Amino acid sequence: MDFSVKKLASDAGVFFSRAVQFTQENLGQAEKTELDAHFENLLTRADNTKNWTEKILRQTEVLLQPSPSARVEEFLYEKLDRKIPSRVTTAELLGQYMTEAANDFGPSTPYGQTLIKVGETQKHLGTAERDFIHSSSINFLTPLRNFLEGDWKTISKERRILQNRRLDLDACKARLKKAKAAEAKAALEGDALPDFQETRPRNYILSASASAAEHELRVAQTEFDRQAEVTRLLLEGISSTHVNHLRCLHEFAEAQATYFAQSYQYMVDLQKQLGSSRAELFPAPVVGNTDPASPPLSTSPPPATLPVLQVASSNPGEVPLNPVEVPPPVSGTRKARVLYDYEAADSKELSLSADELITVYSLPGLDPDWLIGERGNKKGKVPVTYLELLS
């Protein structure tokens, strides 16, 4: 019991001494032992490594799992040291819904067959994403997390011990300085006093106090130097951490490249499958009557319904360089509804928006796949395949 009380009193005294020293340093009333420039650079690099590692770790987690609630759930499983349950990716879930919808609509129908093809591709994409997430978690996130929860905690602990050793050292320096100042002052006062017997005990006590302060200073300096060396070795180990994280970064980039390459190949294969089926289902764009019972019309404009404007020219058979500049015929124009958006390639063409109505007519020498379209005071060439001619 006595030992515990003495130890508690001693610890309280040390804590009080450090608190006083720390407060006086912040107020500018006490000197502070400065670390060398190389040590300060090591501390700065370690702090930057910790801060950027945290940011990279958090953002990579967001990349691999965008859902905040899912990330919180995985965090709780990790803290409880329980296995994280397998989670279906969004692509896999979409593929599952498409497959179920195909079975409901009829897997032999064109829509059902396409749903099955796209759904299977989505499942493959989801599997590739799952493999990428698993590989990145093991080869990239785990090393970063181990550094923050292992090496960095050790470094932080040793840095706190070093800070306490420095406070003890500076407190001992302050006590020694005060003891020597008191001893010098007592010596001056002793010279002024005639009775040597009265000043000798006091000078002896002050001298003993200064000797004790010097001993404490030597012990504090030794402990500080030892702790500084331990901390320095840990900080220099940050270089090895960078090498390890560099290797992990290469593995993360390779896993991501593999994931995107697989996804691209899956989509190329899907495009080929859909392209063949699309050619069978949609042999040519429908122009004219959109009634499903009616046969599809030709993509070229019917010459009987779109009269050709006869343009006067000095040379027979010569066509104006810019047919858009030719005025429209007085009669024979037709209205047309735009089926799809179209962006003009040059000034001779007219941009189109789906479902708008325009006036169209033909010109001699004009490509049969093109017409002249007018909308307000604007006119230009328009592709026939983008139009539905109206009566």
Side-chain angles (χ1 to χ4, degrees), residues 22 32-87 89-90 126 128-167 224-263:
F22 181 78
K32 177 181 178 181
T33 300
E34 299 293 341
L35 301 171
D36 59 83
H38 176 64
F39 200 97
E40 292 289 351
N41 291 335
L42 292 177
L43 290 174
T44 301
R45 187 177 66 157
D47 290 334
N48 291 338
T49 300
K50 179 255 184 183
N51 293 334
W52 285 115
T53 300
E54 281 184 336
K55 292 181 180 180
I56 293 173
L57 174 65
R58 299 293 175 258
Q59 193 57 36
T60 306
E61 290 176 341
V62 173
L63 173 67
L64 300 180
Q65 179 51 263
S67 173
S69 59
R71 293 199 303 273
V72 171
E73 181 181 353
E74 292 176 358
F75 175 78
L76 293 177
Y77 273 104
E78 290 179 0
K79 291 302 180 182
L80 296 175
D81 198 17
R82 298 177 59 183
K83 183 180 179 181
I84 300 177
S86 178
R87 191 184 303 275
T89 63
T90 54
E129 181 184 3
R130 182 196 300 275
D131 294 340
F132 168 60
I133 293 174
H134 179 71
S135 175
S136 300
S137 299
I138 295 177
N139 299 326
F140 188 62
L141 292 183
T142 299
L144 298 185
R145 194 176 290 112
N146 289 341
F147 165 74
L148 294 174
E149 296 178 356
D151 295 347
W152 181 252
K153 287 187 176 180
T154 302
I155 292 175
S156 300
K157 176 183 176 181
E158 298 301 329
R159 286 178 66 176
R160 288 193 297 268
I161 295 176
L162 179 63
Q163 173 73 355
N164 292 335
R165 294 291 183 264
R166 187 196 61 76
L167 291 174
F224 172 78
D225 293 340
R226 184 186 300 111
Q227 184 60 35
E229 184 62 23
V230 172
T231 308
R232 184 192 302 274
L233 293 175
L234 291 174
L235 294 175
E236 290 175 348
I238 292 294
S239 298
S240 300
T241 300
H242 286 183
V243 174
N244 183 37
H245 288 181
L246 174 62
R247 178 183 58 81
C248 298
L249 185 60
H250 277 282
E251 294 181 356
F252 172 73
E254 291 176 1
Q256 194 171 33
T258 301
Y259 165 60
F260 285 124
Q262 291 177 343
S263 300

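Computed from a prediction, not measured in an experiment: that's the story for all the values here.
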What is the minimum heavy-atom distance between Pro143 and Ile138, and which atoms define it? CD-O, 3.5 Å
Candidate pair Glu149 and Lys153, rule salt bridge (Lys or Arg N to Asp or Glu O under 4.0 Å), full reasoning: CA-CA 6 Å; Glu149 296 178 356; Lys153 287 187 176 180; over 6 Å; no
Counting heavy atoms not belonging to His242, are there more than 12 under 6.0 Å from its NE2? yes
Closest non-hydrogen atoms of Gln262 and Ala128, given as atom of the first, atom of the second and distance, are OE1-CB, 3.4 Å
Hey, could you give me the OG1/CZ distance between Thr231 and Arg159, rounded to the nearest 0.5 Å? 9.0 Å
Looking only at heavy atoms, what is the nearest atom pair of Leu64 and Ile133, with distance? O-CD1, 3.4 Å
Has the side chain of Gln256 got a donor or acceptor atom that lies under 3.5 Å from a matching backbone atom of Phe132? no
Let me see the working for Ser136 and Thr60 under side-chain contact (heavy atoms from CB on, under 4.5 Å), right down to the final yes or no. CA-CA 9 Å; Ser136 300; Thr60 306; 5.6 Å; no
Go through the steps for Val230 and Ile161 under the test side-chain contact (heavy atoms from CB on, under 4.5 Å), then give the verdict. CA-CA 10 Å; Val230 172; Ile161 295 176; over 6 Å; no
Minimum side-chain heavy-atom gap Leu162-Phe39 below 4.5 Å: yes
Do any N or O atoms from the side chain of Ser135 and from the backbone of Asp131 form a donor-acceptor pair under 3.5 angstrom? no
Looking at Arg130 and Arg87, would you say the former's side chain and the latter's main chain have a donor-acceptor pair under 3.5 Å? yes
Determine whether Leu63 and Gln59 satisfy the following criterion, side-chain contact (heavy atoms from CB on, under 4.5 Å), listing intermediate values before the conclusion. CA-CA 6 Å; Leu63 173 67; Gln59 193 57 36; 5.8 Å; no
Mind checking the CG-CD spacing from Leu35 to Glu40? Nearest 0.5 Å is all I need. 5.0 Å
Atom pair SG (Cys248) and CG (Asn146), whose distance is rounded to the nearest 0.5 Å: 9.5 Å
Return the minimal non-hydrogen interatomic distance between Leu148 and Lys50, and the atom names on each side. CD2-O, 3.9 Å
Would the distance check show the side chain of Asn244 and the main-chain N or O of Ser240 forming a donor-acceptor pair, the cut-off being under 3.5 Å? no
Would you say that Phe140 contacts Leu249 through its side chain, given a criterion of any heavy-atom pair below 4.5 Å between the two side chains? yes
Got a second to check how far Arg232's CZ is from Leu42's CG, nearest 0.5 Å? 7.0 Å
According to the salt bridge (charged side-chain N to carboxylate O under 4.0 Å, His left out) rule, which pairs have a member within residues 233-254, sequence neighbours left out? Arg247-Glu251
For residues Trp152 and Leu234, determine if any side-chain heavy atom of one lies less than 4.5 Å from a side-chain heavy atom of the other. no
From Ile155 CD1 over to Leu233 CG, what is the distance, rounded to the nearest 0.5 angstrom? 11.0 Å
Step by step, would you call Phe147 with Leu57 a side-chain contact (heavy atoms from CB on, under 4.5 Å)? CA-CA 11 Å; Phe147 165 74; Leu57 174 65; over 6 Å; no
What's the spacing between Leu235 CG and Thr49 OG1 if we round to 0.5 Å? 10.0 Å
